[in-house]
Amino acid sequence: MMEAKDGQAWLGTNGYGSRREEDGVCHDDSATPVRANTVDELHSLQRKPQVVEDRHRLQLQSISASLASMTCGIGPKLVNGDPARKKEMAGKAVTHHQHHITVPTITVSDSDLKFTHVLYNLSPSELYEHAIKYEKGSFITSSGALATLSGAKTGRSPRDKRVVKDETTDDLWWGKGSPNIEMDEQTFLINRERAVDYLNSLDKVFVNDQFLNWDPNNRIKVRIISARAYHSLFMHNMCIRPTYEELENFGEPDFTIYNAGQFPCNRYTHYMTSSTSIDLNLKRREMVILGTQYAGEMKKGLFSVMHYLMPKKQILSLHSGCNMGRGGDVALFFGLSGTGKTTLSTDRNRILIGDDEHCWSDNGISNIEGGCYAKCIDLSQEKEPDIWDAIKFGTVLENVVFDEHSREVDYTEKSVTENTRAAYPIEYIANAKIPCVGPHPKNVILLACDAFGVLPPVSKLSHAQTMYHFISGYTALVAGTEDGIKEPQATFSACFGAAFIMLHPTRYAAMLADKMNKHGATGWLVNTGWIGGSYGVGERISLAYTRKIIDAIHSGELLARSYKKTDVFGLDIPTKVEGVPSELLDPINTWEDKDSYKLTLLKLSDLFKRNFKVFANYKKGGVSDLADEIAAAGPNF
Ligand SMILES: Nc1ncnc2c1ncn2[C@@H]1O[C@H](COP(=O)(O)OP(=O)(O)O)[C@@H](O)[C@H]1O
Ligand SMILES: C=C(OP(=O)(O)O)C(=O)O
Ligand SMILES: [Ca+2]
Ligand SMILES: [Mn+2]
């Protein structure tokens with residue numbers, strides 16, 4: 001080594017340092033030498049250390065309290081940072097012993113002796129490294145997105161969702177048709193303890209402190225405690241990301257998720273019917289996840305919470321996408337999974353406010369989330385260029401298949417699941433509106449993917465029809481996609497999101513009716529499903545045609561068209577839409593077998609009627625006055 005001028009040593013390429021030898025050989029010593037004595041020292045120069053301040057101590061105390069065991073009432077010993085960098089972290093621990101307890105405690109369990117490292121609001125880069133190093137199935141794809149596997153579950157488990165029933169939850173929707181399956185407080189605490197013990201047994205946990213709802217007056221603070229970098233990155237993308245200052249003043253969360261998804265619940269525990277349990281406790285403002293690693297549970301679990309909290313403030317929570325034209329006209333896109341909310345709200349010519357969860361308050365629309373969650377089965381650059389471009393560094397790609405060597409994703413591949421997904425921050429869509437808020441909607445578009453092929457590609461709805469179809473929440477997808485032709489499966493999901501609503505559907509419908517009336521919004525029903533016959537005979541309407549229809553709604557062109565009424569459903573269908581063959585607009589034209597069309601139409605209308613019966617008779621603080629008018633807005637035959 002050779003002494004540099006300022007007393008630091010440089011690293012040379014050999015034992016002689018980089019002394020210039022006058023031998024006519026060219027040496028590689030043109031750059032300023034590195035200031036390090038050892039390779040370790042050199043590596044330590046790479047990263048600017050994070051300053052551990054009092055702020056971090058307060059955060060650790062707060063997290064320790066979040067992870068407190070119910071039985072002994074104290075939280076674990078926590079230390080900031082990566083366990084793999086132990087030496088750098090030494091002496092900076094915060095424990096409950098210092099802060100919460102004045103008398104000396106006697107250590108009674110092994111878990112009291114250990115530290116849990118907290119990886120607090122890590123950046124996407126840090127989370128990538130953790131995922132790749134420690135989580136099997138994590139890879140960097142050729143676009144820079146992180147491919148991950150969600151494990152045995154590749155979709156949500158609605159039958160395993162439980163809601164604590166107590167004195168505060170009388171006004172919830174319980175019973176037949178409701179997504180809220182009850183559990184008691186005691187059982188919740190048993191599952192909570194199971195999750196907390198699991199998380200505390202780990203060397204490290206990930207903690208995300210973030211926000212929900214872009215409306216600053218109605219924003220809530222959420223904390224997500226999880227065991228996987230994948231989950232932390234997913235929520236980083238999906239929730240609203242705090243600025244440094246906002247994080248500094250974060251304080252205590254309004255709601256906390258304990259995601260112990262790799263660990264099962266105990267089937268012997270009361271109310272458990274499988275090894276998966278997603279438990280919501282509104283009074284404690286906590287959610288526990290056991291036995292599923294599907295990240296969508298966290299996103300949609302928080303959505304349920306918003307479906308409870310927001311209506312209490314006269315704010316309507318909506319399972320819809322939302323975008324805005326350059327002139328400020330806002331459109332909502334309702335629909336069940338796979339009907340096109342994400343695809344159609346992401347539109348080159350319009351500004352994206354959000355793809356899935358919104359609030360409608362007296363001030364207009366706000367997105368609940370900070371990211372989008374797009375399906376990627378059969379994704380193509382040509383058909384969905386904006387979503388394609390959003391799949392880059394930072395994006396989580398769930399359960400996709402890629403080329404072993406090139407790491408190119410094959411979006412047609414369903415060998416892990418058909419529900420392959422991309423989760424990305426909303427600003428990855430070039431024309432996203434930040435902050436994600438907008439004025440009152442002008443158009444309310446109800447999407448149905450009708451695999452029966454009898455609903456028209458577009459209908460204009462009266463207010464009563466809008467309510468009827470909103471409460472019905474119809475779509476029909478095809479059950480199995482592989483072996484042969486299967487019957488389309490009709491699904492009715494109230495408010496186009498029965499799995500997430502907490503109150504009776506009529507409560508949300510009444511609010512929607514009220515807001516649409518007040519702000520003069522027009523309702524539309526768009527069939528993004530089959531034309532020319534049911535699944536097996538006809539085909540799915542092309543995305544290009546659906547986009548033309550949506551364009552005509554946005555521009556006002558469609559409102560000005562002439563209409564005719566259909567039989568049975570009594571829908572008003574336009575006779576012409578720019579860019580769409582006119583014969584497509586009335587389904588009877590595209591069916592070769594007219595008898596079969598009529599039979600299928602009647603069959604579907606019968607399914608609608610049977611489904612609606614339960615709502616028609618419901619009179620409890622909902623749209624009871626409107627009930628008759630709304631029921632009459634359904635199919636008639
Ligand atoms: N005509 C169409 N309209 C909308 N989506 C279509 C159409 N044809 C095919 N699709 C595909 O259907 C899927 C719709 O899914 P997505 O937009 O993610 O639904 P959601 O957000 O409502 O769950 C996408 O994969 C899209 O490419
Ligand atoms: C994440 C989901 O949303 P969607 O399929 O509506 O995009 C879901 O329903 O699990
Ligand atoms: Ca959804
Ligand atoms: Mn979606």
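Every number for a ligand or one of its atoms is a count from 1 in the order of the listing.
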Item checked: Within-cut-off N or O pair, Leu344 and ligand 1, under 3.5 Å -> no

Notebook entry, point to check: What are the atoms of ligand 1, with element, lying closer than 4.0 Å to any heavy atom of Leu336?
Noted result: 22 (O)

Next item on the list: May I ask you to check if ligand 1 and Gly335 share an N or O to N or O distance below 3.5 Å?
Entry: no

Check: For Glu398, which residues count as a side-chain hydrogen bond (donor to acceptor under 3.5 Å, both in side chains) partner, sequence neighbours excluded?
Finding: Tyr230, Tyr373

Notebook entry, point to check: Within less than 4.0 angstrom of ligand 1, does Glu384 place any heavy atom?
Noted result: yes

Note to self: Before we go on, tell me: are the rings of His319 and Phe333 under 6.0 Å apart, centre to centre?
What the structure shows: no

Checklist line | Thr343: numbered ligand 1 atoms lying under 4.0 Å from its heavy atoms | finding: 14 (C), 15 (O), 16 (P), 17 (O), 24 (C), 26 (C)

Notebook entry, point to check: How about Tyr508 and His307: are their ring centres within less than 6.0 Å of each other?
Noted result: yes

Note to self: Any donor-acceptor pair under 3.5 Å linking the side-chain atoms of Ser226 with those of Asn259?
What the structure shows: no

Check: Which of the numbered atoms in ligand 1 are below 4.0 angstrom from a heavy atom of Thr339?
Finding: 19 (O), 22 (O)

Item checked: Gly321, Ser380, Gly338: member with heavy atom nearest to atom 23 (O) of ligand 1 -> Gly338

Checklist line | Inter-residue atom distance Met516.CE - His440.NE2, 0.5 Å rounding | finding: 13.5 Å

Notebook entry, point to check: Are any of the N or O atoms of Asp355 closer than 3.5 Å to those of ligand 1?
Noted result: no

Next item on the list: Hey, could you give me the CD1/CG distance between Ile220 and Leu302, rounded to the nearest 0.5 Å?
Entry: 6.5 Å

Note to self: I need the contact type for Asp356 against ligand 1. Using non-hydrogen atoms and a strict under-4.0 Å cut-off, is it side chain, backbone, both or neither?
What the structure shows: neither

Next item on the list: Check each heavy atom of Ser542 against ligand 1 and say whether those closer than 4.0 Å belong to the side chain, the backbone, both or neither.
Entry: backbone

Next item on the list: Answer yes or no: does an N/O atom from Ile541 fall short of 3.5 Å to an N/O atom of ligand 1?
Entry: yes

Notebook entry, point to check: Would you say Thr342 reaches the Mn ion (ligand 4) with an N/O/S atom under 2.8 Å?
Noted result: yes

Check: Does Ala374 have a heavy atom less than 4.0 Å from any atom of ligand 1?
Finding: no

Check: Hey, are the side chains of Met298 and Cys239 touching, using non-hydrogen atoms and a 4.5 Å cut-off?
Finding: no

Notebook entry, point to check: Can you tell which part of Arg540 has a heavy atom less than 4.0 Å from ligand 1: side chain, backbone, both or neither?
Noted result: side chain

Item checked: Euclidean distance, Phe334 CZ relative to His358 NE2, rounded to 0.5 Å -> 10.0 Å

Note to self: Below 30° counts as parallel, above 60° as perpendicular, anything between as tilted: where do the rings of Phe492 and Tyr474 land?
What the structure shows: tilted

